[in-house]
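Computation of the quantities below employed the complete heavy-atom set of this structure, encompassing side-chain atoms and omitting hydrogens, waters and symmetry-equivalent molecules.
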Amino acid sequence: QVQLVESGGGSVQAGGSLRLSCAASGYIYGYTVSNYCMGWSRQAPGRERVRVASIDSDGVTRYADSVKGRFTISKDNAKNTLYLQMNSLKPEDTAMYYCAAKIWPRCASWVVAGTENAMNYWGKGTLVTISS
């Protein structure tokens, strides 16, 4: 059974940094989760969930325009862990951040044109609060 557990959220001031982690467990068709498309979404209070970043099995990354140049998605295949390094944080980055995985090696256009249903597994989220 696949499980995704996020951590690393917290409260920081604008301009600060945080590093989110998503520890994956379980196997998909005999392969660890990091061998598949993985991504991050976020949901601010009272707003819809939006996609932030994704990484393919071969390491190709994609970002939403709102975080491009500030956030970096990466993964450690040996640890089966996904990361989101967030720098130059802004109050509008305040949200619950969710980790997700898809039973397919490529994320394609999930960040810019996909839907939440395109992902097969979700974590329960970690809260990020940015104060001005």
Sequence neighbours excluded - side-chain hydrogen bond (donor to acceptor under 3.5 Å, both in side chains) pairs with any residue from residues 15-31: S17-N87
Closest contact, heavy atoms only, W122 versus S41: CH2-OG, 3.6 Å
W40 side chain near E6 side chain, heavy-atom distance below 4.5 Å: yes
Point-to-point distance, once rounded to the nearest 0.5 Å, from OG1 of T72 to OH of Y83: 14.0 Å
Least distance between heavy atoms, A53 atom then Y63 atom: CB-CD2, 3.7 Å
Distance in Å, I28 CD1 paired with Y121 OH, rounded so as to fall on 0.5 Å steps: 5.0 Å
Non-hydrogen side-chain atoms of L4 and M38 separated by less than 4.5 Å: yes
Taking every non-hydrogen atom, the tightest pair across G39 and W110: CA-CZ3, 4.0 Å
Whether T126 side chain and G9 backbone form a donor-acceptor pair below 3.5 Å: yes
Evaluation steps, side chain to side chain contact (heavy atoms under 4.5 Å, CB included), between T32 and N77: CA-CA 8 Å; T32 57; N77 289 336; 6.0 Å; no
same_hphob_cluster(V50, L84) at 4.5 Å side-chain heavy-atom cutoff: no
Residue pairs passing the side-chain hydrogen bond (donor to acceptor under 3.5 Å, both in side chains) test where at least one lies in residues 88-97, sequence neighbours excluded: R42-D93, R42-Y97, R70-D93
Distance (rounded to the nearest 0.5 Å) between I103 CD1 and N120 CG: 4.0 Å
Minimal non-hydrogen separation, L89 against L18, with atom names: CD1-N, 3.7 Å
4.5 Å side-chain heavy-atom contact, V111 and V52: no
Side chain to side chain donor-acceptor pair (under 3.5 Å) between S34 and N80, intermediate numbers included: CA-CA 5 Å; S34 61; N80 208 16; 3.2 Å; yes
Pairwise distance CG(D56) to CZ(R106) - rounded to 0.5 angstrom: 5.5 Å
Y36 side, atom OH; K102 side, atom NZ - distance, nearest 0.5 Å: 13.0 Å
Side chain to side chain contact (heavy atoms under 4.5 Å, CB included) between I55 and V60, intermediate numbers included: CA-CA 5 Å; I55 185 166; V60 174; over 6 Å; no
Heavy-atom closest pair, residues A14 and S132: CB-CA, 4.3 Å
Side chains of V112 and R62 in contact at under 4.5 Å (non-hydrogen atoms): no
Closest non-hydrogen atom pair, L127 against M96: N-SD, 3.5 Å
Distance in Å, N35 CG paired with S57 OG, rounded so as to fall on 0.5 Å steps: 7.0 Å
Backbone N/O of M119 and side chain of N117: donor-acceptor pair under 3.5 Å: no
Residue of the set Q43, R51, R49 for which side-chain hydrogen bond (donor to acceptor under 3.5 Å, both in side chains) holds with E116: R51
